[in-house]
Amino acid sequence: MTMTQDTRTEVFEFLKAAILELKDIDSSAITADTLLETIQLDSLDYVDIQVNIRKTYRVEVVAELFTSGKVRTLGELVDYIVAESAAVSA
């Protein structure tokens, strides 16, 4: 399965909606290049988003992704979810 732009867009919009539900941020300020640390999510926010990702995409997002620096931007998180979701579906 190849990563399509539609799939990336769908996952991005899903994450953007989840973030906007948790934080009072201007939606135009959330882009694929947005650093996750600038969104100022707390640990409960991360857990909420992780649970939603697991329910929707059957992808486990572990804290080490963020703490290791593997995933720093929203776009990198999108890419991770799309890749892992494709692996789960294969």
Side-chain angles (χ1 to χ4, degrees):
M1 179 180 217
T2 59
M3 184 184 345
T4 66
Q5 189 58 37
D6 288 344
T7 304
R8 284 191 90 253
T9 300
E10 175 189 314
V11 174
F12 174 78
E13 291 301 326
F14 169 84
L15 290 173
K16 183 176 178 178
I19 291 166
L20 290 173
E21 192 173 301
L22 296 169
K23 295 293 179 187
D24 185 23
I25 301 172
D26 182 3
S27 66
S28 65
I30 300 176
T31 69
D33 296 325
T34 300
L35 289 171
L36 293 170
E37 66 187 36
T38 64
I39 300 171
Q40 298 181 343
L41 297 170
D42 62 31
S43 59
L44 291 177
D45 295 335
Y46 275 110
V47 170
D48 188 71
I49 290 172
Q50 287 171 312
V51 168
N52 284 322
I53 291 168
R54 189 177 325 118
K55 284 181 182 176
T56 304
Y57 296 103
R58 298 185 340 211
V59 171
E60 192 71 37
V61 177
V62 294
E64 288 76 31
L65 284 173
F66 307 106
T67 58
S68 69
K70 271 187 175 177
V71 173
R72 296 184 31 162
T73 67
L74 195 53
E76 289 170 347
L77 181 55
V78 168
D79 290 342
Y80 176 82
I81 293 168
V82 170
E84 291 297 309
S85 181
V88 168
S89 300

Student: Could you state whether V78 and L20 fall into the same hydrophobic cluster, counting links through intermediate Ile, Leu, Val, Met, Phe, Trp or Tyr residues with side-chain heavy atoms under 4.5 angstrom apart?
Tutor: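 Yes; L20 is reachable from V78 via cluster members.
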Student: With a 4.5 Å cut-off on side-chain heavy-atom distances among I, L, V, M, F, W and Y, is there a chain of contacts connecting V82 to V62?
Tutor: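 Same cluster: V82 reaches V62 through Ile, Leu, Val, Met, Phe, Trp or Tyr contacts under 4.5 Å.
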Student: Apply side chain to side chain contact (heavy atoms under 4.5 Å, CB included) to residues L15 and N52 and explain how you reach the verdict.
Tutor: CA-CA 9 Å; L15 290 173; N52 284 322; over 6 Å; no
Student: Test of understanding: with side chain to side chain donor-acceptor pair (under 3.5 Å), list the residues that count as partners of S28, not counting sequence neighbours.
Tutor: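 Residues passing side chain to side chain donor-acceptor pair (under 3.5 Å) with S28: D26.
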Student: Main chain of V59, side chain of S85: is a donor-acceptor contact present, judged purely on distance under 3.5 Å?
Tutor: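 Absent.
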Student: Taking only residues at least two apart or on different chains, which pairs with a member in residues 10-34 satisfy ring pair (Phe, Tyr, Trp, His ring centres under 6.0 Å)?
Tutor: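 Non-adjacent pairs meeting ring pair (Phe, Tyr, Trp, His ring centres under 6.0 Å): F14-Y57.
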Student: Filter on salt bridge (Lys or Arg N to Asp or Glu O under 4.0 Å), then keep only pairs touching residues 39-55, sequence neighbours left out; what's left?
Tutor: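 Checked against salt bridge (Lys or Arg N to Asp or Glu O under 4.0 Å) - neighbours excluded - the pairs reaching residues 39-55 are K23-D45, R54-E60.
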Student: By side chain to side chain donor-acceptor pair (under 3.5 Å), which residues pair with T73, not counting sequence neighbours?
Tutor: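 Checked T73 against side chain to side chain donor-acceptor pair (under 3.5 Å); zero matches.
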Student: Look only at the side chain of E76 and the backbone of R72, and say whether a donor-acceptor pair between them is shorter than 3.5 Å.
Tutor: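 Yes, the answer is positive, given that a donor and an acceptor are paired below the 3.5 Å cut-off.
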Student: Only pairs at least two apart or in different chains count here, so list each ring pair (Phe, Tyr, Trp, His ring centres under 6.0 Å) that has a residue in residues 31-53.
Tutor: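 Listed once each, the pairs are Y46-F66.
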Student: Is there a side-chain contact between D79 and V11 (heavy atoms, below 4.5 Å)?
Tutor: no
Student: For E21, which residues count as a side chain to side chain contact (heavy atoms under 4.5 Å, CB included) partner, sequence neighbours excluded?
Tutor: none
Student: Nearest 0.5 angstrom please: L77 CG to I49 CD1, how far?
Tutor: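 If I round to the nearest 0.5 Å, the distance is 8.0 Å.
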Student: Could you tell me which non-hydrogen atom of A29 sits nearest to which non-hydrogen atom of T34, and how far apart they are?
Tutor: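 Minimum heavy-atom separation between A29 and T34: O-OG1, 3.2 Å.
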Student: I'd like to check V71 versus V61 (side-chain heavy atoms, cut-off strictly below 4.5 Å). Are they in contact?
Tutor: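 Heavy-atom side-chain distance check fails, nothing below 4.5 Å.
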